[in-house]
Amino acid sequence: MAKRAQNRGPYILAAGAAAQLLTGIPAAWGVFQQPVMQGYGFSRGQAMLAFAVLVAAYGVGCAMGGLLQDAHGPRFAGLWGTALLAGGFFAASLVPVANAVLFLLVYSLPAGLGSAFLAPAVLACAQKWYKDKKGWATGVAGVAMGLSGAFFTLFVKGVGGAWGIRVCFAALGAVMLVICGAGALILQDPPAPATSGNSQPGLDWPRMVRTTQYKLCVAAVALSAPVVLLFSPEIFKIATERGLPEAAAPCSIVLGSAASAAGRLLLPACSDKLGRKPVLYAVYLGLAAGSVWFAFAAEWWVLAAYAVLTFFYSGGAAVQPAFNTDLFGLPHAGVNYGFIALGMSGGSLVSYIGSQALPLAARHWLAGACAVAGLVCVRLVKPCQIS
């Protein structure tokens, strides 16, 4: 029986990857932006607000989902996440034209929360099954999220291009209901150790949030977000304005998605060997250098520069859960990561304000400054006493 339970780890990773494939909406919003503006009669600002609220809801939802999975297990949290995510897409297909407030309420909020309920459930569950390879397990489970951009690009261009964005939203809701629901049903924490004695050391979230380490980690997560989110909703527009042929603009999301998947797989695995902080130093240095390159890139080089940003951004996001578990312990990994992910809400707010208030050149400066500030935050993190 124990051997059978031990062999369940690969199924957990596969189930998590299947669910994560459909939760990477923020990375793919660029392919949704123009169809949403045209199909719902939204302005640029309204469409970008829908994106910002979705990402902010994701950050808050990670904390809520972490509490849910800590109390009732990953399957329970995953099923609730599936219902919210699929329900948001179904509801979006019914929103009347020019009703941006309703779109925020029935799509952005539930879709962001649903994606977030799935994330801690999958990542914490994977880490518990692979305690000695937490970075690798996080990367394998999360690599599908990196591929979300490619999947959504093909789906929106195919289904949305043929039947419109409303049919596309409804179809995505059905796919999410089936795939995420099936993946969530498989999620299950490993059996409790048979040995008696003290439980594994770890901080619960009320104690964690009072530590300096927590505040620095949240700040680092928040500061990494603008490096990509300041540009991802309009990457098609930026690419074509820099000289890329309009027909090739979708390649920016597809290539960025491939780079994101590579980052999510490679960097957490490297962090198992080299240490979390050295890899995170490389992440923020890569984001800073990539921001400078992206500011001056033209034509096809725009794709390469954007891919560098998505590689390091997604790779850093995949290393962060293992880093947090190392700092605060494994017993409450899901809920603790959820509270760390609140930084995404702050980063989303900064990104939205920056995208509306600043010209493109100034946004590049802001992205580089955020990357450097994030590096400083990671550098200041010290080991946490969790005994």
Side-chain angles (χ1 to χ4, degrees), residues 26 55-56 59 62-63 135 138 203 205 207-232 260 263-264 266-268 270-296 305-306 308-328 336-355 357-358 361-386:
V55 177
C62 277
T138 302
L203 295 183
W205 72 266
R207 289 189 295 160
M208 179 192 71
V209 298
R210 294 196 293 268
T211 66
T212 301
Q213 290 89 337
Y214 169 76
K215 297 177 179 67
L216 289 168
C217 286
V218 169
V221 169
L223 289 164
S224 70
V227 181
V228 171
L229 299 188
L230 279 168
F231 312 105
S232 60
S260 174
R264 287 181 179 274
L266 295 176
L267 295 186
C270 288
S271 75
D272 283 338
K273 303 292 186 181
L274 304 176
R276 313 294 181 207
K277 287 185 73 172
V279 172
L280 286 173
Y281 293 158
V283 163
Y284 285 93
L285 287 171
L287 289 175
S291 295
V292 174
W293 186 18
F294 188 53
F296 297 99
Y306 185 68
V308 168
L309 293 180
T310 59
F311 175 86
F312 284 109
Y313 173 67
S314 297
V319 172
Q320 193 70 46
F323 183 47
N324 300 333
T325 301
D326 291 346
L327 285 171
F328 305 116
N336 287 351
Y337 169 68
F339 276 86
I340 295 288
L342 284 171
M344 288 190 65
S345 297
S348 173
L349 179 62
V350 171
S351 300
Y352 176 71
I353 294 173
S355 68
L358 299 175
R363 279 186 266 167
H364 287 299
W365 282 103
L366 177 60
C370 285
V372 173
L375 175 65
V376 173
C377 289
V378 172
R379 178 68 181 85
L380 294 175
V381 174
K382 305 296 182 185
C384 187
Q385 178 63 37
I386 61 174

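Given the structure is predicted, the values throughout are model-derived calculations rather than measurements. Side chains are part of it too, since the values below use all heavy atoms of this structure and drop only hydrogens, waters and symmetry mates.
Taking both residues in full, the closest heavy atoms of C62 and A341 are given as CB-CB, 3.5 Å, listed atom of the first, atom of the second, then distance. Nearest heavy atoms, P226 versus V350: CG-CG1, 4.0 Å. In terms of heavy atoms, C384 sits closest to L203 at SG-CD1, 3.7 Å. Among all heavy-atom pairs drawn from A317 and R264, the shortest one is CB-NH2, 4.2 Å. Contact detail for A220 and V378: the closest heavy-atom pair is CB-CG2, 4.0 Å. Across A219 and C377, no two heavy atoms sit closer than the pair CB-SG, 3.8 Å.
For the atom pair CZ of F312 and OG of S224, the computed distance is 13.5 Å after rounding to the nearest 0.5 Å. Put simply, CG on L366 and CG on L223 are 9.5 Å apart, with the number rounded to the nearest 0.5 Å. Rounding to the nearest 0.5 angstrom, the gap separating the CG atom in L230 from the OG atom in S355 is 7.0 Å. To the nearest 0.5 Å, atoms CZ (F311) and CG (L287) are separated by 10.5 Å. With rounding to the nearest 0.5 angstrom, the CH2 atom of W205 is 14.0 Å from the CZ atom of F328. Within the model, atoms SG of C217 and CG of L380 stand 11.0 Å from one another, a figure rounded to the nearest 0.5 Å.
Using cut-offs of 30° and 60° for the angle between ring planes, the F231 and F294 rings count as perpendicular.
With hydrogens and angles disregarded, no donor-acceptor distance shorter than 3.5 Å links the side chain of N324 to the backbone of N336.
Applying the side-chain hydrogen bond (donor to acceptor under 3.5 Å, both in side chains) criterion to S314, with sequence neighbours excluded, gives S260. The side-chain contact (heavy atoms from CB on, under 4.5 Å) check on V221 picks up Q320, I340, M344, with sequence neighbours excluded. Every residue two or more places apart in sequence or in another chain that forms a side-chain contact (heavy atoms from CB on, under 4.5 Å) with A225 is listed here: L229, Y313. Shown here are the side-chain hydrogen bond (donor to acceptor under 3.5 Å, both in side chains) partners of T310, two or more places apart in sequence or in another chain: there are none. Here A362 pairs with L358, P359 under the side-chain contact (heavy atoms from CB on, under 4.5 Å) rule; sequence neighbours left out.
Identified under the side-chain hydrogen bond (donor to acceptor under 3.5 Å, both in side chains) test for residues 273-295, with sequence neighbours left out: S271-R276, D272-R276, R276-D326.
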